[in-house]
Student: 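The structure follows.
The first residue in the sequence is number 1, and the count goes up from there.
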Amino acid sequence: MYYFKQETDTEKFDKFVEENKGSYLQCSSWPKVKTAWNSYLYSGYDEDEALVLTALVLERKIPGAGKIWYISCGPVVSIEDEKLIDSFWAYMSAQMKSYKAFCIITDPLAPLRIDGVSNERGLKMHESLTRNGFVLNPDIDTYTYKHPVQTMIDLKDEEGNEISADKILKGCEKGVRYSVRVGASRGLEFKRYKYDDVLQNPQIMDEFMSVMEDTSDRNSFAARNDEYILNLMKNLDKYTDIMIAYYDKKLDRELEEERQKRKEEVIAALSTAPQKKIRGLQDELEVIEKNSHSYNQRLSETSDYLPDEKIAVAGGLTIRFGGVASCVFGGTRNIVRNNTRSSHYLNYWRMCESIEEGMDYHDLGYVLVKNPSVLEDGTLGPMEPVDNFVGICDFKKSFGAKYYEFVGEYVLVGNKKRYWLYKELMPKAKHTLVKIKLKLKK
């Protein structure tokens, strides 16, 4: 027998979520970030009063319709315990009605396919949800929050042993390997900052935002302001950091001076070198000249900056929780972007930090996809990236990331009329309101 109740012990709740490989989206701190939502914590216990399940429920009022309940990533529970899961959804259905919510929406982190190969966990999750009255929402454009496709890099092997950073780098594409190898020789370095660091030195956030704003302008991403990012870092402080890659002009100049000294030595050696060493010296000279040409391009591109300045050229915010390092924000500035490939350099070192933290996976982030078909078994069909995410997806795969397609969003409807208002009438009303506002501006 199992019983469920609203939980007040957030420390116990979060410990269970983290130890059972839950997501930061399932912990008690997440509602402090998503402040537009009300929240409830639920825990499940067995007859020995051992904690066996947790669920974060977010609640939001929809004007004209009522309240929706959203359980991001589903409950933290073993998918194998069907009796526990069925008991929980029966309990939640009753709770939904008592709180007068008209539906429960959930999108569990259970993969349907990994690199196109069907995954049994996703199929079991689909069966579990539909058995308990949930219906799949095939319209990804209307999903409440989480995207169904992520790009994940394994940091541990099948036996649970840590995979070394060098081995992961060998699994990256040639361009990534080269960029990581030469990054430091082109004046790149990285710094990792926690919330307290940013509070003590606000310039860090200014530098980070200079990267994020440039990236958003270039790719039309949804921009987040610095207040949101600071709030995220504050409430998930234990798990969150930002990393910034800097282009150090002084360091780059010093490296170029060393190359020029070596060039003089090579030229001098060529006049007396035996025949068998000449070819090697010529090759070295060619590499030096190639690097000097690249340096002069960087110098020209950053001519508006001081000679000894450090310029933030890439950045990323990472949340490491429950065995998964989630790259929530990331991007590069246009400055020396193609010359240094700072995004490759930074993302590799983000992975290294995730290995140091003992993570199981490094999640490079979501991929926006087209609405898929529904297969005969009722699950989502293969999900292809939308046009402006094809290149971004290929970039993430170049690090050796796998393409995870999750089960998607499911809905348990408690009040059909109110749910219809929410899904059908409200979007049309919103569209009409936007048109009216645009006409009034004219």
Student: With under 30° as parallel and over 60° as perpendicular, where do the rings of Y24 and W30 fit, or are they tilted in between?
Tutor: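 Taking W30 first and then Y24, their aromatic rings stand perpendicular (interplane angle over 60°).
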Student: Nearest 0.5 angstrom please: K250 NZ to D252 CG, how far?
Tutor: 13.5 Å
Student: Parallel under 30°, tilted from 30 to 60°, perpendicular over 60°: which one fits the rings of W69 and Y42?
Tutor: tilted
Student: With rounding to the nearest 0.5 angstrom, report the CG to CG distance, D9 to L41.
Tutor: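 Those atoms lie 10.0 Å apart.
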Student: I'd like to check the side chain to side chain contact (heavy atoms under 4.5 Å, CB included) partners of C352; sequence neighbours left out, ordered by chain and number.
Tutor: A165, Y348, W349
Student: Could you check N291 against S185 for side-chain contact (heavy atoms from CB on, under 4.5 Å), going step by step and ending with a plain yes or no?
Tutor: CA-CA 9 Å; N291 284 331; S185 69; 5.8 Å; no
Student: side-chain contact (heavy atoms from CB on, under 4.5 Å) between Y410 and H126: does it pass, once the steps are laid out?
Tutor: CA-CA 9 Å; Y410 289 74; H126 169 74; 2.8 Å; yes
Student: Pair K249, T302 - check side-chain contact (heavy atoms from CB on, under 4.5 Å), show working.
Tutor: CA-CA 9 Å; K249 292 193 70 174; T302 58; 3.3 Å; yes
Student: Within the structure provided, determine whether M205 and M233 are in side-chain contact (heavy-atom separation under 4.5 Å).
Tutor: yes
Student: Under 6.0 Å between the ring centres of F4 and F88?
Tutor: yes
Student: Assess the side chains of S292 and Q260: does a donor N or O sit below 3.5 Å from an acceptor N or O?
Tutor: yes
Student: Using modelled atom types only, decide if a donor and an acceptor are shared between the side chain of S216 and the backbone of E213 within a distance under 3.5 Å.
Tutor: no
Student: Check for a donor-acceptor pair, side chain of S93 on one end and backbone N or O of W89 on the other, with a separation under 3.5 Å.
Tutor: no
Student: For a quick check under 3.5 Å, do D107 and Y145 share a side-chain donor-acceptor pair by atom type?
Tutor: no
Student: Identify whether the distance between the nearest side-chain nitrogen and carboxylate oxygen of R253 and D308 falls below 4.0 Å.
Tutor: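 Salt bridge flag = yes for D308 with R253.
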Student: Within 45° of the axis and under 6.0 Å from the centre of the six-membered ring of Y403, does NZ or CZ of K397 qualify?
Tutor: yes
Student: Write out all pairs satisfying salt bridge (charged side-chain N to carboxylate O under 4.0 Å, His left out) with one or both partners inside residues 34-53, taking only residues at least two apart or from two chains.
Tutor: none
Student: Do the ring planes of F329 and Y228 sit parallel (below 30°), tilted (30 to 60°) or perpendicular (above 60°)?
Tutor: perpendicular
Student: Testing V407, L123, V77, I85 for side-chain contact (heavy atoms from CB on, under 4.5 Å) with S128, which one passes?
Tutor: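 When V407, L123, V77, I85 are each tested with S128, the side-chain contact (heavy atoms from CB on, under 4.5 Å) holds only for I85.
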Student: Check whether the side chains of S294 and R298 place a donor and an acceptor atom closer than 3.5 Å, and report yes or no.
Tutor: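 Judged by distance alone, the side chains do pair up.
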Student: Got K234 and K32 here, is their nearest side-chain heavy-atom distance under 4.5 Å?
Tutor: no
Student: Going through the distances and angles, do K263 and E289 end up as a side-chain contact (heavy atoms from CB on, under 4.5 Å)?
Tutor: CA-CA 8 Å; K263 180 180 178 180; E289 289 175 344; 4.0 Å; yes
Student: Nearest 0.5 Å, what's the NZ-CD1 distance between K167 and I355?
Tutor: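 These two atoms lie 11.5 Å from each other.
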Student: Look up atom OG in S87 and atom NZ in K83, then write down how far apart they are to the nearest 0.5 Å.
Tutor: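 The OG atom of S87 sits 7.0 Å away from the NZ atom of K83.
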Student: Is there a side-chain contact between L317 and T240 (heavy atoms, below 4.5 Å)?
Tutor: yes
Student: Mind checking whether Y422 and Y419 have parallel, tilted or perpendicular rings, split at 30° and 60°?
Tutor: tilted
Student: Are any of the side-chain heavy atoms of L188 and V313 separated by less than 4.5 Å?
Tutor: yes
